[in-house]
Undergrad: 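Quick one: the structure is below, and I'll ask about it shortly.
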2 protein chains.
Amino acid sequence: MNTAAPLRSRKAQIDRVATSLFRARGFAATSMRELATELGLEAGSLYSHIKSKEEILHRVCFGLAEEFFAAFAAATADTTAPIATQLRLAIEGHVRVLTRDSAASTVFLQEWRHLSEPARTDFLALRDRYEAAFRALVQQGIAAGELHAPDAAFVALTLLASLNWLPAWYRPDGKLTPDEIAHRLAEQLLGGLLVKD
Amino acid sequence: MNTAAPLRSRKAQIDRVATSLFRARGFAATSMRELATELGLEAGSLYSHIKSKEEILHRVCFGLAEEFFAAFAAATADTTAPIATQLRLAIEGHVRVLTRDSAASTVFLQEWRHLSEPARTDFLALRDRYEAAFRALVQQGIAAGELHAPDAAFVALTLLASLNWLPAWYRPDGKLTPDEIAHRLAEQLLGGLLVKD
DNA sequence: TATGCTTGCTAACGCTCGTTAGCAAGAAAA
DNA sequence: TTTTCTTGCTAACGAGCGTTAGCAAGCATA
């Protein structure tokens, strides 16, 4: 009956506000008191909902990792499709995850180093696995004669690089929709790679 | 006569070590005591050479900005050259600055937000000017019919994005030299943009 | 009514932070 | 020799940090 009832749990609310602060100021430069103020409560009260500051970061980083893997799996589910198509879908899926929550994406991309061990090592292993999956797809594409490039690793790296800069400039209220951005990026990045008919 | 004499001034030495710490841990998470220890002295002693922690960050960020502008100016000095050539030179110049000191580059790209006003605003203005220069070059290329792309701003953004991820994975002892990387990046990124003969 | 969960408060803990004051030794310049 | 610059130390400052203990109000469930 309360119209001001939280749409999400308090914990999820904390995560959301913390994520946007982490994006704006960085994890280390964001204080729990600042976060509490932003939520309209006292610093100590946060600990009724969370265990530690790092726990928030952990949830954001690993949560997003899961989303990236899910998007990639969906894009490459149809193994009978041409590699170029799978790659295009993977790019578009990656962009969709990035734009769905660009604050969380920025934290995922930039703030993971503030994870302490062993989470940090685990995270890097996940990131490496993801990059390797992209690399393997490019490799297959080259082997199948669909792509031409001297070095699959190099291509995969610059591909992800172009994509991962997106949260730095993407604005949800910009003139391009996430799907348009995704499509255009895929177009432009694959343009130089596809074997011309 | 002293073989252990500092190759650079103490101040420059502090800048260098601080830059590498800023890269590894981030500006906010790097303490002056940590920096001092790394240099083999006490925290208070740093202040015989520098005015503040932020002063170091300021010098790194604005110093690198200058290098980027210089490289761009050199690449586009010959205004009679085809735009595609100028763009290729600008890309290679950008990459050369990035690889010459990848620690400083990372700080330049990631840690500028810890500058306080008005330096922060000044810095962003410089960055915008640089991006605008790249954008203008792409625009000219499209107008001259040398490049085909639907949106110069989009192209410039993704171009710089691919390049700026470089410090994240570049290793000076890797198998590719900076010049090879520069050349290959220019090739790959322009591949999809150049109008085919 | 009783129980327990959610939510939040106040007050404080031990610690680290960036920075400063004051002093001193050695080298270089006068 | 005197002066000045460079370099570094110790000790301490005030402030902010993440986190905890203990308590309490309100609500949902039993």
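These numbers come from the heavy atoms of this one structure, side chains and all, not from hydrogens, waters or symmetry mates. All of these numbers come straight from a predicted model, not from anything done at the bench.
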Undergrad: Show, in sequence, the C-alpha distance, side-chain angles and deciding distance for Phe62(A) and Phe108(A), and conclude whether the ring pair (Phe, Tyr, Trp, His ring centres under 6.0 Å) test is met.
TA: CA-CA 8 Å; Phe62(A) 284 82; Phe108(A) 170 90; 9.1 Å; no
Undergrad: May I have the distance from Leu35(A) (atom CG) to dC17(D) (atom C1'), rounded to whole angstrom?
TA: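 Checked: the CG to C1' distance equals 14 Å.
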Undergrad: For the side chain of Glu42(A), starting at C-beta, report the closest nucleotide among dT10(C), dG8(D), dG18(C).
TA: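 Per side-chain heavy atoms of Glu42(A), the pick is dT10(C).
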Undergrad: Over how many whole Å does the gap from Leu46(A) atom CG to dT7(C) atom C1' extend?
TA: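 Taking atom C1' of dT7(C) as the reference, CG of Leu46(A) is at 12 Å.
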Undergrad: For Glu34(A) and Lys51(A), take the nucleotide of DNA chain D holding the closest heavy atom to each; which residue's nucleotide lies nearer the 5' end?
TA: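 Whichever sits nearer the 5' end wins; that is Glu34(A).
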Undergrad: Tell me the interatomic distance from Ile50(B), atom CD1, to dG18(C), atom C1', rounded to whole angstroms.
TA: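 It is 10 Å, rounded to the nearest whole Å.
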Undergrad: Picking from dT19(C), dG18(D), dG8(D), which would you name as closest to the side chain of Ser45(B)?
TA: dG8(D)
Undergrad: From the set dC9(C), dG18(C), dC9(D), return the single nucleotide nearest to any side-chain atom of Met32(B).
TA: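 Closest nucleotide to the Met32(B) side chain: dG18(C).
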Undergrad: Quick one: which of dT20(C), dG18(D), dG8(C) gets closest to the side chain of Tyr47(B)?
TA: dT20(C)
Undergrad: Reckon Ser31(A) touches a base, only the sugar-phosphate, or nothing at all at heavy-atom distances under 4.0 Å?
TA: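 Since only primed, P, OP1 and OP2 atoms lie under 4.0 Å of Ser31(A), the category is sugar-phosphate.
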Undergrad: Ignoring hydrogens and angles, are the base of dG16(D) and the side chain of Arg33(A) linked by a donor-acceptor pair under 3.5 Å?
TA: no
Undergrad: Closest to the His49(B) side chain: dG8(D), dG18(C), dT7(C)?
TA: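 The closest nucleotide is dG8(D).
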Undergrad: Answer yes or no: are there more than 12 heavy-atom neighbours, outside Glu66(A) itself, under 6.0 Å from its atom CD?
TA: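 Counting neighbours around CD of Glu66(A), 12 or fewer heavy atoms of other residues, nucleotides or ligands fall under 6.0 Å, so no.
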Undergrad: Taking the inter-plane angle between the rings of Tyr130(A) and Phe68(A) on a 0 to 90° scale, is it parallel (under 30°), tilted (30 to 60°) or perpendicular (over 60°)?
TA: tilted
Undergrad: What integer distance in Å separates Lys11(B):NZ from dG8(D):C1'?
TA: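 Rounding to the nearest Å, NZ of Lys11(B) and C1' of dG8(D) are 17 Å apart.
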Undergrad: Can you tell me how the ring of Phe22(A) sits relative to the ring of Phe27(A), calling it parallel under 30°, perpendicular over 60° and tilted otherwise?
TA: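 Aromatic pair Phe22(A)/Phe27(A) classed perpendicular.
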Undergrad: Does the side chain of Arg16(B) pick up a donor-acceptor pair with the side chain of Gln13(B) at under 3.5 Å?
TA: no
Undergrad: Ignoring the backbone of Leu41(A), work out which of dC9(C), dT19(D), dG8(D) is nearest its side chain.
TA: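 Looking only at side-chain atoms, Leu41(A) lies closest to dC9(C).
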Undergrad: Nearest to the side chain of Ala43(B) - dT19(C), dC9(D), dG8(C)?
TA: dT19(C)
Undergrad: Using heavy-atom distances to pick each residue's nearest nucleotide on DNA chain D, tell me which of Ser48(A) and Ala29(A) is more 5'.
TA: Ala29(A)
Undergrad: Rounding to a whole Å, what distance do you find between His114(B):NE2 and dC17(C):C1'?
TA: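 About 15 Å, once rounded to whole Å.
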